Amino acid sequence: MIEVWQADLARPSRSDADLRTLLSDEEIVRADRFHFERDRIRFLRRRAFRRLWISQRLGRDPARLRFIAGIHGKPALADGPEGFEFNCSASADRALLAISTVGAVGVDLEQHRPFEPDLTLVMERFAAEERKILESLDLPARAQRFFEC
């Protein structure tokens, strides 16, 4: 089973004070390090969103979930059931969470905005055929195709 949820971080289902009580001490320290309030709130809401959905699926208390950094820093549940995997992504006021009981899962979310894709990044991270296509396009089309890739 694979499930994917999206959250609107601008409209949380609970107060920020309530959501903060769900976070671990480490997450609270990380949240409090953000210079801008907007970034602090987004971090808090992303982490609470992750805790609430995972706890709902596993029937556990969201405040008692323990997360660890897995391979390449990917978050994992410290004491999750066998085969349970998840992945999160966020951009601006949106967040995605994918949960899988059948193997590794990944999600990526990126806010579309006008910009010129960095061809250095493209050369390092994209497949040869994707690079070839992106290099052949004018700037507006290149930005759109970049997000599609």
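Computed from a predicted structure; not experimentally measured.
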Is the centre of the F43 ring less than 6.0 Å from the centre of the F36 ring?
no
Taking side chain as C-beta onward, heavy atoms only, is W5 less than 4.5 Å from R57?
yes
With side chains defined as the heavy atoms from C-beta onward, is the minimum distance between I54 and F84 less than 4.5 Å?
yes
Report yes if the side chains of R51 and F67 come closer than 4.5 Å at any heavy-atom pair, otherwise no.
yes
Is there side-chain contact between V107 and L97, with at least one heavy-atom pair below 4.5 Å?
no
Which heavy atom of L77 sits nearest a heavy atom of F86, and at what distance?
N-CE2, 3.6 Å
Using a strict threshold of under 4.0 Å (side-chain N to carboxylate O), is an ion pair present between R60 and D79?
yes
Excluding sequence neighbours, so at least two apart, what forms side chain to side chain contact (heavy atoms under 4.5 Å, CB included) with D138?
P140, A141
V29 side chain near D32 side chain, heavy-atom distance below 4.5 Å
no
Could I get the full list of side chain to side chain contact (heavy atoms under 4.5 Å, CB included) partners for R42, not counting sequence neighbours?
R38, D39, R46, A92, D93
In the structure I gave you, are the side-chain heavy atoms of S55 and L65 within less than 4.5 Å of one another anywhere?
yes
For G106 against N87, the heavy-atom pair lying closest together:
CA-OD1, 3.5 Å
Any heavy-atom pair between the side chains of Q56 and L52 that's under 4.5 Å?
no
Using 4.0 Å as the upper bound for N to carboxylate O, is an ion pair formed by D16 and R40?
no
Distance-only, no hydrogens or angles: does the T101 side chain make a donor-acceptor pair with backbone N or O of M1 under 3.5 Å?
yes
Heavy-atom closest contact (L23 atom, L19 atom, distance):
CD1-O, 3.4 Å
